[in-house]
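Structure provided below as structure tokens; questions to follow.
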2 protein chains.
Amino acid sequence: MEKKKVGVLLSGCGVFDGAEIHEAVLTLLYLDQKGAHAVCMAPDIPQAHVINHLTQEEIKETRNVLVESARIARGEIKDIKEVRSNDIDALILPGGFGAAKNLSEFAFKGSEGAVNSDVKTLINDMLNAGKPVGALCIAPATVGMAVKDKAPEMTIGKDEQVAGALNAIGVRHKICAVDEIAVDEKNRIVTTPAYMLGPSIKDVAKGIEKVVEKVLSMI
Amino acid sequence: MEKKKVGVLLSGCGVFDGAEIHEAVLTLLYLDQKGAHAVCMAPDIPQAHVINHLTQEEIKETRNVLVESARIARGEIKDIKEVRSNDIDALILPGGFGAAKNLSEFAFKGSEGAVNSDVKTLINDMLNAGKPVGALCIAPATVGMAVKDKAPEMTIGKDEQVAGALNAIGVRHKICAVDEIAVDEKNRIVTTPAYMLGPSIKDVAKGIEKVVEKVLSMI
């Protein structure tokens, strides 16, 4: 039997300006352990900014989201423009600020900000084809903005400000613990708080493994 | 009981010019799952070079090993100069070319090249204090160069060229599968081939979990 193909949409490499590395790697680990094939992808665009992860200060430098994401994918990655919903059976978005800075404008403009058009198209095409979408940490904000017309149910943990911003555009936010998942069976969206709650890698691993399991079960 | 403290020596962020991200994250995962506390560290030095992980070409750019390693550590990282063998109970070095480019000169000059002096001192201090050192992938080359006088037994998988270069300086190389570990009980060194063999993350995870388990058992 052919392996299930699951897109993993990255947004750079590092929690403060890109994809959260632990969440991305754990997604790849559980997909591989459960017999699925990961198709890593990212947009070929400049990062919103570059953060020195030691000092948390902004650096005057330009980095590309696809090129930096390739570090997590060990070079095996596609430009999201080359990926169609027909090519994959499901899609998972790890978190990290990159998911809310590079894939959408959520971190800068809130839930009324724009979503990257290729990201928005792919997420909508997946759900419209009945294919499941998983999202971790802050990435549900970008998914919610992309498909707000579907009144999706999802979690980003329990942060009231983020939850409120999402509820304001029609998302139905559900409070959730780090080892739990929120499942929108109708829309086929699976989310977990991951490092929105933490506190540590063993904790976020539990919710991420459940997202991967549930997403694969929905294919 | 206080948690065992295990140093995790990083060498950047990305397989081709830094620490191998999957290996580093899996080390952090298994340490946390088994109740140990990870103390991430890296040298505060420029990377040997910067590689575009999408094209594998060198980029004319300067990045700092400590600053880039901080991406994997989510900002919780120390300059190796601040860490003494008294501060930790064990030390683990994930692989990636950074371990052989930034922690030593192995990738450029072979086993006769130099080892970063802080790295060399810490590894020797650990072993001389009877504290275990683990190393993954190509990192055993740097460990072997640092402690060649101890005639350490270790594995980098089965690459004949690398094994030969290490044997030439007094390391006793042992062929090992990706889900196995080589244990030098006398010197207290534990190694596994990881991505020197791969092929995929679920495979390297098996050997890395065994290294973490064995290292913790030796404390």
Side-chain angles (χ1 to χ4, degrees), chain A residues 12-38 40 42 44 50-57 59 61-79 96 195 198-206 208, chain B residues 12-38 40 42 44 50-57 59 61-79 96 195 198-206 208:
Chain A
C13 179
V15 54
F16 301 125
D17 60 15
E20 209 298 310
I21 292 174
H22 301 191
E23 293 172 4
V25 172
L26 292 170
T27 301
L28 297 176
L29 174 68
Y30 295 126
L31 285 172
D32 194 29
Q33 285 184 338
K34 293 170 202 306
H37 176 70
C40 291
D44 184 8
V50 181
I51 303 286
N52 175 321
H53 279 54
L54 188 63
T55 62
Q56 293 203 32
E57 285 163 4
I59 315 174
E61 205 177 288
T62 303
R63 296 188 185 183
N64 176 287
V65 175
L66 177 61
V67 169
E68 298 307 317
S69 298
R71 294 178 173 271
I72 295 176
R74 296 169 49 82
E76 292 294 318
I77 192 164
K78 293 174 193 281
D79 180 347
Y195 275 115
S200 80
I201 186 169
K202 73 172 187 306
D203 305 307
V204 305
K206 291 177 193 166
I208 294 171
Chain B
C13 179
V15 57
F16 301 124
D17 59 15
E20 209 298 309
I21 292 174
H22 301 190
E23 294 172 3
V25 171
L26 291 170
T27 301
L28 297 175
L29 174 68
Y30 295 127
L31 285 172
D32 193 30
Q33 285 184 340
K34 294 171 201 305
H37 176 69
C40 291
D44 184 9
V50 181
I51 302 285
N52 175 321
H53 280 54
L54 188 63
T55 61
Q56 294 203 33
E57 285 164 5
I59 315 174
E61 204 177 293
T62 303
R63 296 188 186 184
N64 176 287
V65 175
L66 178 60
V67 169
E68 298 309 317
S69 297
R71 294 179 173 272
I72 294 175
R74 297 169 49 82
E76 293 292 319
I77 192 164
K78 293 175 193 282
D79 181 346
Y195 275 115
S200 81
I201 186 169
K202 74 172 187 305
D203 305 307
V204 306
K206 290 177 193 164
I208 294 171

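Order of the sequence lines fixes the chain letters, A, B, ..., with proteins taken first and strands second; residue numbering starts at 1 for each chain. In what follows, every heavy atom counts, from backbone to side chain, and hydrogens, waters and symmetry copies are set aside.
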Quick one: does any side-chain atom of B:His22 pair with a main-chain N or O of A:Leu26 as donor and acceptor, under 3.5 Å? no
Over all atoms of both residues, closest heavy-atom pair of B:Ile201 and A:Leu28: CG2-O, 3.7 Å
Indicate yes or no for a side-chain donor-acceptor contact from B:Arg71 to the backbone of A:Ile21 under 3.5 Å, with no hydrogens or angles considered.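 No; judged by distance alone, with no hydrogens or angles, the pair does not exist.
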Applying side chain to side chain contact (heavy atoms under 4.5 Å, CB included), can you list everything that pairs with B:Lys78, at least two apart in sequence or on another chain?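 B:Lys78 satisfies side chain to side chain contact (heavy atoms under 4.5 Å, CB included) with B:Val39, B:Glu82, B:Val83 only.
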B:Leu54 versus A:Ala70, closest heavy-atom pair with distance: N-CB, 3.7 Å
Got a sec, which residues hit side chain to side chain contact (heavy atoms under 4.5 Å, CB included) with B:Val15, two or more places apart in sequence or on another chain?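 Counting only residues at least two positions away or on another chain, B:Val15 forms a side chain to side chain contact (heavy atoms under 4.5 Å, CB included) with A:Arg74, B:Glu20, B:His53.
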Greater than 12 external heavy atoms within 6.0 Å of B:Gln33's CD: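 Yes, because the 6.0 Å sphere around CD of B:Gln33 holds more than 12 heavy atoms from other groups.
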With respect to chain A, which residue among B:Leu31, B:Ile72, B:Ile77 yields the maximal number of heavy-atom pairs within a distance under 4.5 Å? B:Ile72
How long is the gap from CD on B:Glu61 to CD on A:Glu61, to the nearest 0.5 Å?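 These two atoms lie 5.0 Å from each other.
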For the residue pair B:Leu29 and A:Val25, establish whether any side-chain heavy-atom pair is separated by less than 4.5 Å. no
Who among B:Asp17, B:Thr55, B:Asn64 has the most heavy-atom pairs with chain A under 4.5 Å? B:Asp17
Given a strict heavy-atom distance threshold of 4.5 Å, which part of A:Glu68 is in contact with chain B: side chain, backbone, both, or neither?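 Side chain of A:Glu68 only, per the 4.5 Å heavy-atom cut-off to chain B.
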